[in-house]
*Asks:* 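Here it is: the structure, laid out below.
Note that the coordinates shown come from a computational prediction; the quantities given were computed from them, not determined experimentally.
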Amino acid sequence: MITRRQLLAGAAVGLGAAALPSVATAEPRTTGRPRPNIVLVLADDLGYGELGAYGQRTIATPRLDRLAAEGLRFTDAYSAAAVCAPSRSALLTGLHAGHGPVRNNPAGDPDSIAFSDGDTTFAEVLRARGYRTGLFGKWGFGPERGDQPSHPNARGFDEFLGYITHGHAHDYYPSYLWQNGERLELPENAGSNTTTFAPDLFQDRALRFIRAHRHEPFLLVVTPNLPHAPSDVPSQEPYAGENWPSADRGHAAQVTRVDTYVGELVDELAAQGLLESTVVLVTSDNGPHEEGGFDPDRFDANGPLTGYKRNLYEGGVRVPLIAWAPGRIQPGVTDRLTQQTDLLPTLADLAGVPGPRDIDGRSFSSLLEPSPTAAAAAEQPYLYFWRLDNGNTRRAREVDAGRLQRAAEAVREGNWKAIRWAPGTDRTVPDDQWQVELYDLAHDIGETTDLAAAHPDVAARLVGLLRQSWIDEVTREGYGVELDTPDLLLPGVTYEITATLANGSAVPWTGARLVLSAPADWTVEPATSRGLGRLAPGTRVSTTWRVQVPEGTTANEWPLAVSGYAVARDAPLTFRAERRLTPPPPPPTTDSYLSDLPWVTAVNGWGPVELDTSNGKQAAGDGTPISFGGIVHAKGLGVHSYSDVTYHLGGRVARFTAVVGIDDFSARQSSRGNTIAEVWADDRLVHTSGVLRAATGPEPVDVDVRGARLLRLVVRAADSGNSYNHTSWADAFVRLG
């Protein structure tokens with residue numbers, strides 16, 4: 001809901017219910033070895049056993065096997081979840097699924113797994129240190145719009161080509177992709193055409209990124225949606241002749257294609273003379289899938305492990321991880337317990353930048369040095385995993401003994417591993433209602449023998465860790481720049497815009513200052529500043545400006561940006577936050593029906609403002625006919641409580657008239673509908689109806705709105721509400737004088 005204050009004065013900042021504990025991290029190195037470039041390749045549903053270096057004997061992965069032999073191979077690396085959205089969220093933010101902003105896969109609603117301002121990713125951390133950042137492939141966090149906080153550009157990536165939403169990434173031949181904030185149409189893939197294979201586009205874009213930024217430090221993240229189902233691939237070679245089902249041939253070809261992609265990236269680094277200055281990391285987001293007819297058992301895709309994607313047994317969460325940098329990373333194998341939450345602090349260390357301290361990850365950067373020091377690469381005391389997913393695949397269901405769609409969580413502490421299942425989807429039920437299993441991975445990597453009854457003290461201790469690992473709503477310390485602006489600016493009105501620079505790291509920052517960039521014709525005046533200069537860990541500084549958009553501006557959008565500057569351990573940091581505000585539609589120039597005017601914002605409006613997802617997202621049009629007591633009004637605006645629809649009047653309108661009530665359509669559904677309608681002129685409540693019911697009929701509205709810049713029509717339930725509260729503003733009309 002867009003509130004009156006947000007429209008007129010600025011948006012409030014919400015806080016969570018509990019704070020994360022700060023993690024003591026090593027101070028970043030800013031001298032000595034130059035900052036390396038980082039290339040991270042994240043495969044999709046690649047199982048622990050699907051690479052030759054991890055035991056695969058059928059699918060060919062020669063380039064990855066060579067990287068594993070020449071670099072550091074992790075035997076005990078983990079995703080943070082058994083499905084991709086919470087796993088990828090943890091990888092990006094350093095927060096496991098008990099603390100992170102995304103904890104489940106979406107259930108058909110991409111907006112349900114979205115990042116917000118303040119959900120700091122490792123890209124934001126490295127960009128602050130001067131890295132050029134790019135992500136090409138699957139992002140997976142909605143909504144599917146360009147200018148919003150969950151977009152890759154807003155979360156630290158300078159360049160992006162790929163899928164924004166989780167579901168869109170299931171299509172290897174999409175009719176469009178997103179290039180930064182704009183849709184990139186692929187008409188050659190329209191209908192069922194399979195002309196352009198999206199992962200090939202991502203690979204080409206990644207290679208061009210290396211060439212374009214070879215003279216500056218860069219972070220390149222490549223996230224092909226391979227080898228996720230379906231087993232689509234331009235060619236099934238070198239397996240086309242195998243006597244396997246097509247899905248298995250296609251999947252094997254997908255895995256080998258990932259191997260080829262990685263080889264091409266390494267070859268491009270060599271061609272640009274960047275091998276000695278680049279760290280390459282390759283991993284997967286969870287265990288192997290079994291979808292689209294693919295049989296993971298044909299290839300022993302989970303190796304010696306039990307479980308698949310969606311299981312919290314090892315096969316669902318233990319993943320390959322290879323780190324390679326010739327001349328820097330010594331060849332070898334490590335059994336360090338490493339969760340992908342560790343990537344953020346590790347990359348921050350490599351870049352020499354103090355990252356946020358209120359995360360779950362622990363850096364393993366000391367293992368990526370010519371003289372690795374395992375003692376300095378402190379492990380997390382335990383690893384936490386969470387699973388609540390509506391997927392229901394056969395093998396995973398059998399492994400989970402019919403508990404696949406229950407809430408489940410797991411913890412690994414040393415070699416002990418506990419998994420527990422709730423009786424349903426409610427994780428708040430008492431501990432004694434959960435089923436608990438305990439395994440000793442040192443002697444039972446396949447998790448075949450449950451030791452919970454033999455070691456009740458260990459099981460109880462691990463259950464305690466599980467319980468303490470979940471926080472419903474997390475309050476972050478803040479890291480970097482936040483820009484607080486109204487959701488709507490109107491020409492000629494003065495607004496306050498505030499920027500905050502927060503030091504959520506473990507080291508002090510100096511020279512803290514904030515600079516606002518606005519369109520050249522705006523009036524911008526500093527109002528207040530607080531705490532600029534030295535910024536201790538856990539503190540923040542802010543600056544507020546008064547801004548005014550000139551009357552008569554013709555710009556199609558209004559870009560705002562704030563830059564925050566500081567120095568940490570002699571390393572300059574530059575943070576940046578941007579907003580692109582849309583100018584309001586022009587005010588009416590003649591007496592008009594509201595249904596003939598563009599709206600500014602709409603919540604739960606249908607007919608001419610079909611905006612909410614329950615009614616579709618259709619363009620505005622002529623007003624819907626509305627009937628009260630059999631009397632039809634040609635022009636109407638239908639809403640469903642709670643509803644809030646706003647129009648731009650620009651101070652030109654004298655009166656607003658309408659008839660408002662429970663329409664006949666709703667009355668036919670039920671006689672229980674009852675609502676209250678309000679009319680707001682800017683921040684003034686100028687009309688409140690009585691309780692509207694079908695039986696008592698509609699009420700007339702005739703109010704003076706002289707001087708008002710915004711007209712808001714609000715409908716709320718008169719009681720606890722029900723599903724028949726359709727209300728209509730019929731003959732809604734504005735008169736200029």
*Asks:* Can you measure from SG (C84) to NE2 (H289) and round to the nearest 0.5 angstrom?
*Replies:* 12.0 Å

*Asks:* Using a 3.5 Å distance criterion without hydrogens, assess whether the side chain of W324 forms a donor-acceptor pair with backbone atoms of R66.
*Replies:* no

*Asks:* Suppose we screen for side-chain hydrogen bond (donor to acceptor under 3.5 Å, both in side chains). Which residues come up paired with E447, at least two apart in sequence or across chains?
*Replies:* K417

*Asks:* Using every non-hydrogen atom in the two residues, find where N105 and I113 come nearest and quote the distance to one decimal.
*Replies:* C-CG2, 4.2 Å

*Asks:* Determine, for W470 and R103, whether the Lys NZ or Arg CZ falls below 6.0 Å from the six-membered ring centre while staying within 45 degrees of the axis.
*Replies:* yes

*Asks:* Under the salt bridge (Lys or Arg N to Asp or Glu O under 4.0 Å) rule, collect the residues that match up with E237, sequence neighbours excluded.
*Replies:* none

*Asks:* Which label fits Y239 and W244: parallel for a plane angle under 30°, tilted from 30 to 60°, or perpendicular past 60°?
*Replies:* parallel

*Asks:* Between the side chains of D400 and R310, is the shortest nitrogen-to-carboxylate-oxygen separation below 4.0 Å, so that they form an ion pair?
*Replies:* no

*Asks:* Any carboxylate oxygen within less than 4.0 angstrom of a Lys/Arg side-chain nitrogen, looking at R328 and E369?
*Replies:* yes

*Asks:* What is the distance from atom CZ of R420 to atom CZ of R406, rounded to the nearest 0.5 Å?
*Replies:* 13.5 Å

*Asks:* Can you list every salt bridge (charged side-chain N to carboxylate O under 4.0 Å, His left out) pair that touches residues 47-63, not counting sequence neighbours?
*Replies:* R63-D267

*Asks:* Both conditions, 6.0 Å and 45 degrees, for the charged tip of R403 above the ring of W421: are they met here?
*Replies:* yes

*Asks:* Please test D342 against Q380 for side-chain hydrogen bond (donor to acceptor under 3.5 Å, both in side chains), starting from the C-alpha separation and ending with a verdict.
*Replies:* CA-CA 9 Å; D342 296 342; Q380 300 178 48; 2.6 Å; yes

*Asks:* Which residues pass the salt bridge (Lys or Arg N to Asp or Glu O under 4.0 Å) test with E124, sequence neighbours left out?
*Replies:* R155

*Asks:* With F209 as reference, evaluate F136, F160, F157 under the ring-ring contact (aromatic ring centres under 6.0 Å, His included) test and give the passing residue.
*Replies:* F136

*Asks:* Between Y54 and Y48, how do the two ring planes meet: parallel, tilted or perpendicular, split at 30° and 60°?
*Replies:* perpendicular

*Asks:* Ignoring hydrogens and geometry beyond distance, is a side-chain donor-acceptor pair present between D349 and S363 at under 3.5 Å?
*Replies:* yes

*Asks:* Rounded at 0.5 Å granularity, tell me how far CG in N311 sits from CG in D389.
*Replies:* 10.5 Å

*Asks:* Checking D259 now: which residues fulfil salt bridge (Lys or Arg N to Asp or Glu O under 4.0 Å) with it, not counting sequence neighbours?
*Replies:* none

*Asks:* Would a distance-only check, ignoring hydrogens and angles, find a side-chain to backbone donor-acceptor pair under 3.5 Å from T75 to T334?
*Replies:* yes

*Asks:* Please list, chain by chain and in numerical order, all residues satisfying salt bridge (Lys or Arg N to Asp or Glu O under 4.0 Å) with E242, sequence neighbours excluded.
*Replies:* none

*Asks:* Between the side chains of D119 and R476, is the shortest nitrogen-to-carboxylate-oxygen separation below 4.0 Å, so that they form an ion pair?
*Replies:* no

*Asks:* The test is side-chain hydrogen bond (donor to acceptor under 3.5 Å, both in side chains); show your working for T61 and Q56 and say whether it passes.
*Replies:* CA-CA 9 Å; T61 56; Q56 180 58 222; over 6 Å; no

*Asks:* Checking Y382 now: which residues fulfil ring pair (Phe, Tyr, Trp, His ring centres under 6.0 Å) with it, not counting sequence neighbours?
*Replies:* none

*Asks:* Show, in sequence, the C-alpha distance, side-chain angles and deciding distance for Y261 and D200, and conclude whether the side-chain hydrogen bond (donor to acceptor under 3.5 Å, both in side chains) test is met.
*Replies:* CA-CA 9 Å; Y261 287 159; D200 285 352; 2.5 Å; yes

*Asks:* Have Y313 and E437 got a donor and an acceptor in their side chains that come within less than 3.5 Å?
*Replies:* yes

*Asks:* Output yes when a side-chain donor or acceptor of T256 lies under 3.5 Å from a complementary backbone atom of A60, and no otherwise.
*Replies:* yes

*Asks:* Who are the side-chain hydrogen bond (donor to acceptor under 3.5 Å, both in side chains) partners of W386, not counting sequence neighbours?
*Replies:* N104

*Asks:* How many angstroms lie between CZ in R395 and CG in D297, if you round to the nearest 0.5 Å?
*Replies:* 5.0 Å

*Asks:* State whether D76 and R318 are salt-bridged, where the test is any N-O pair (Lys NZ or Arg NE/NH1/NH2 against Asp/Glu carboxylate O) under 4.0 Å.
*Replies:* yes

*Asks:* Evaluate side-chain hydrogen bond (donor to acceptor under 3.5 Å, both in side chains) for E398 paired with Y308, printing each intermediate quantity in order.
*Replies:* CA-CA 10 Å; E398 291 173 354; Y308 308 87; over 6 Å; no

*Asks:* Looking at residues at least two apart in the chain, or sitting in another chain, which of them share a side chain to side chain contact (heavy atoms under 4.5 Å, CB included) with Q405?
*Replies:* N390, N392

*Asks:* If you count the non-hydrogen atoms of other residues, nucleotides and ligands that lie under 6.0 Å from CG in N243, is the total more than 12?
*Replies:* no

*Asks:* Got a sec, which residues hit ring pair (Phe, Tyr, Trp, His ring centres under 6.0 Å) with Y163, two or more places apart in sequence or on another chain?
*Replies:* H168, F202

*Asks:* Measuring from H99:NE2 to D360:CG, what's the distance to the nearest 0.5 Å?
*Replies:* 5.5 Å

*Asks:* In a table with atom names and distances, give each donor-acceptor pair under 3.5 Å that connects a side chain of residues 450-457 to protein atoms at least two apart or in another chain.
*Replies:*
from	atom 1	to	atom 2	distance (Å)
D450	OD1	L438	N	2.9
D450	OD1	A452	N	3.0

*Asks:* Atom CG in L40, atom OG1 in T283: separation rounded to 0.5 Å?
*Replies:* 8.0 Å

*Asks:* Determine the interplanar angle of the H251 and F294 rings, folded into 0 to 90°, and report it as parallel if under 30°, tilted if 30 to 60°, perpendicular if over 60°.
*Replies:* parallel

*Asks:* Mind listing the closest non-hydrogen atom pair of R249 and Q236 along with its distance?
*Replies:* NE-OE1, 2.8 Å

*Asks:* Quick test of your reading: applying salt bridge (charged side-chain N to carboxylate O under 4.0 Å, His left out), list the pairs with at least one residue in residues 81-98, sequence neighbours left out, ordered by first then second residue.
*Replies:* D44-R88, R88-D285

